[in-house]
There are 4 protein chains.
Amino acid sequence: MEFKEPQAIYLQIAEYVCEKILLEKWNTDEKIPSVRELAVELEVNPNTAMRSYEFLQNKEIIYNKRGIGFFVSANAKEKVSVFRKQQFLETELPVFLKNMNILNISIQEIETFYIAFIKSKNLN
Amino acid sequence: MEFKEPQAIYLQIAEYVCEKILLEKWNTDEKIPSVRELAVELEVNPNTAMRSYEFLQNKEIIYNKRGIGFFVSANAKEKVSVFRKQQFLETELPVFLKNMNILNISIQEIETFYIAFIKSKNLN
Amino acid sequence: MEFKEPQAIYLQIAEYVCEKILLEKWNTDEKIPSVRELAVELEVNPNTAMRSYEFLQNKEIIYNKRGIGFFVSANAKEKVSVFRKQQFLETELPVFLKNMNILNISIQEIETFYIAFIKSKNLN
Amino acid sequence: MEFKEPQAIYLQIAEYVCEKILLEKWNTDEKIPSVRELAVELEVNPNTAMRSYEFLQNKEIIYNKRGIGFFVSANAKEKVSVFRKQQFLETELPVFLKNMNILNISIQEIETFYIAFIKSKNLN
DNA sequence: GTGGTCTAGACCACC
DNA sequence: GTGGTCTAGACCACA
């Protein structure tokens, strides 16, 4: 997996896990990959992968059974969803609207991009 | 000036300078504040202010006349504008569209937010 | 390491790194000394060593893996080589030819010096 | 006049004056432009022009008659010539030969460049 | 006055 | 351990 610059790698991994949960690839009480498996898969130091799981555990999105592994918490999907929506509305959206305005980009253009995005997604 | 946490101060200062250029408060070949003046004004260490100017000079947004000071480059406004637009289209927009999709937010909702944003802006 | 007066230390360090790359002592994707190691080795302040690496990173001669260290970029050797050649042809050579002309020094004399230089080099 | 980056402007102006003397455009005991005239001509701060003249006066290449102006010293041409030759042989040539070697440029290539240089000079 | 460089020392997040 | 940022203070050459 490739990581983008400004954000910490462990947060990007946490994002990746949340996405799996949101898209229902990993469901409540299902065992998720071990720290080592994840580290190998994403080509990351195990410490970094561990940190992601710790982060998600703190947010009660996953839980740990000692000696067995990590599992998806009940209501994880809802928690992630609420958290994201909040972040989206409070942080991302205002910046986005400001930039639309400064860069003089119309809602129609955004719509065009959105339609293209949905299409390309359905192709895969 | 107040600085927000995650981003480096010197980058926020660079942003500040770019804003001045975008809003045509500082125009082509106009002298901008000296490193020390800026440092005093924004209450930062001169080294930090210097670093901002170095950064902007590397991006060819400002240039230096030896012993005299820093000046706004020709086409600085366009450069800043292009740079921002590129960043918006390549980084911000894809994330935004993905989140719209995951969080199930429609273009109509975005439009509503946008109209509210424009209104609140015009009031000030 | 000893540094000569007119040029900034951090640029001389950058030169030193480039030389290592040109002479293939440090090769593509190989880890180079950490900022602190280099600082100790060359007896300079870590900030100064850092500045050299920053400079070389801007020129895409080295790159950074977060939390791990700096590495030699692919094609670093070519980049350094091209960069030097360009500087030679655009800056050094014109001055040199002008001086040859003004000082009335012939190509034959230069050749004599060159042969002597090569010889003395092979002796060491 | 345009000035190149690494060298101080006042030294480049001194170079300019020396060239005039070497090419016998300004001869022994001839009055050279006043500091102000020179400053206007080269678009430089008078202080900077003054500094060049001071520098050349120290080297006894020009002399000053108070209230009248600066004049070319006797033997100025020889002095400049000797000084340049010395600098050429001790500083410029060794660097040049080393770069020829590193960049793998032959004497034949240098000769080609030299012939082209002489030709272009005769055209003007 | 201007920028430019350097040191020393500190603190931080991240791997 | 790694780099990255920031402050404080100093010194310098140059315009």
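In the text below, chain A, chain B and the rest are named by the order of the sequence lines, each starting its count at 1. For the numbers below, each heavy atom of this structure counts, side chains included, while hydrogens, waters and symmetry mates do not.
Across all strands shown, Glu37(C) has heavy atoms under 4.0 Å from sugar-phosphate atoms exclusively, and none from any base. Counting non-hydrogen atoms under 4.0 angstrom, Tyr10(C) reaches the backbone sugars and phosphates but no base. Gln7(D) comes within 4.0 angstrom of no nucleic acid atom, judged by non-hydrogen atoms across all strands.
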Dot-bracket encoding of pairs in DNA chain F, which uses [ ] for pseudoknotted crossings and | for another strand, Watson-Crick or G-U under 3.5 angstrom:
||||||||||||||.
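Distance, Asn58(B) CG to dG4(E) C1': 14 Å, rounded to whole Å. The distance from atom CD1 of Ile13(D) to atom P of dC14(F) is 12 Å, rounded to the nearest whole Å. The interatomic distance linking Ile32(B) (CD1) with dG3(E) (C1') rounds to 12 Å, in whole Å. When the C1' atom of dT7(F) is taken as reference, atom CG of Leu42(B) falls 15 Å away, rounded to whole Å. When the C1' atom of dC14(F) is taken as reference, atom CD of Gln12(D) falls 12 Å away, rounded to whole Å. The OH-C1' distance, from Tyr63(C) to dG3(F), rounds to 15 Å in whole Å. Taking atom CD1 of residue Ile62(C) and atom C1' of nucleotide dT2(F), one finds them 13 Å apart after rounding to whole Å. The distance between atom OH of Tyr53(B) and atom P of dG3(E), rounded to the nearest whole Å, is 8 Å.
Closest non-hydrogen pair, Val95(B) versus Glu92(A), comes out as CG1-OE2, 3.6 Å. Taking all atoms of both residues into account, the shortest heavy-atom contact from Tyr53(A) to Ile62(A) is O-CD1, 3.5 Å. Across every non-hydrogen atom of Thr91(D) and Pro94(D), the tightest pair is O-CD, 3.4 Å. When all heavy atoms of Pro46(D) and Val35(D) are compared, the pair lying nearest together is O-CG1, 3.5 Å. Annotation for Glu60(C) and Ser73(C): closest pair O-OG, 3.2 Å, computed over non-hydrogen atoms.
Among dG3(F), dT5(F), dG3(E), the nucleotide with an atom closest to any side-chain atom of Met50(B) is dG3(E). For Ile9(A), whose side chain is taken as the heavy atoms from C-beta onward, the closest listed nucleotide among dT5(E), dC15(E), dG3(E) is dC15(E). Closest approach to the Thr48(B) side chain among dC6(F), dC6(E), dT2(E) is made by dC6(F) (side chain taken as heavy atoms from C-beta onward). For Val44(C), the side-chain atoms get nearest to dT7(E) when compared with the rest of dT7(E), dC6(F), dC15(E). Of the candidate nucleotides dC6(E), dT2(E), dA15(F), dA15(F) has the atom nearest to the side chain of Ile68(B). Nearest to the side-chain atoms of Asn45(D) among the listed nucleotides dA15(F), dC15(E), dT2(F) stands dA15(F).
Nearer to the 5' terminus of DNA chain F, by closest-nucleotide assignment, is the contact made by Glu54(C) (compared with the other of Glu54(C) and Gly67(B)). With DNA chain F read from its 5' end, the first of the two nearest nucleotides for Ala8(B) and Lys31(C) is the one closest to Lys31(C). Of the two residues contacting DNA chain E, namely Pro33(B) and Arg66(C), the nearest-nucleotide position lying further toward the 5' end is that of Pro33(B). Each of Glu43(C) and Gln57(B) was assigned the nucleotide of DNA chain E with the nearest heavy atom; the assignment lying further toward the 5' end belongs to Gln57(B).
With hydrogens and angles left out, the side chain of Asn47(D) and the base of dA15(F) share no donor-acceptor pair within 3.5 Å. Judged by atom type and distance alone, Arg36(B) reaches the base of dG3(E) through a side-chain donor-acceptor pair under 3.5 Å.
Among residue pairs with one or both ends in residues 16-31 of chain B, those qualifying as salt bridge (charged side-chain N to carboxylate O under 4.0 Å, His left out) are Glu19(B)-Arg84(B), Glu24(B)-Lys77(B); sequence neighbours excluded.
Using a 4.5 Å heavy-atom threshold, the side chains of Pro33(A) and Trp26(A) count as touching.
If you check the side chains of Glu41(D) and Tyr16(D), you find a donor sitting under 3.5 Å from an acceptor. Checking Gln57(C) against Asn64(C) by side-chain atom types alone, no donor-acceptor pair falls below 3.5 Å.
Ring geometry, Tyr63(B) versus Phe71(B): the interplanar angle falls under 30°, so the pair is classed parallel (tilted spans 30 to 60°). Between Phe96(D) and Phe96(C), the angle of the ring planes stays under 30°, which puts this pair in the parallel group of the 30/60° scheme.
Residue Arg51(A) has no polar side-chain atom (N or O) positioned under 4.0 Å from OP1 or OP2 of dC15(E).
Listed by residue number, the members of residues 69-77 of chain B with any heavy atom below 4.0 angstrom from DNA chain F form an empty set.
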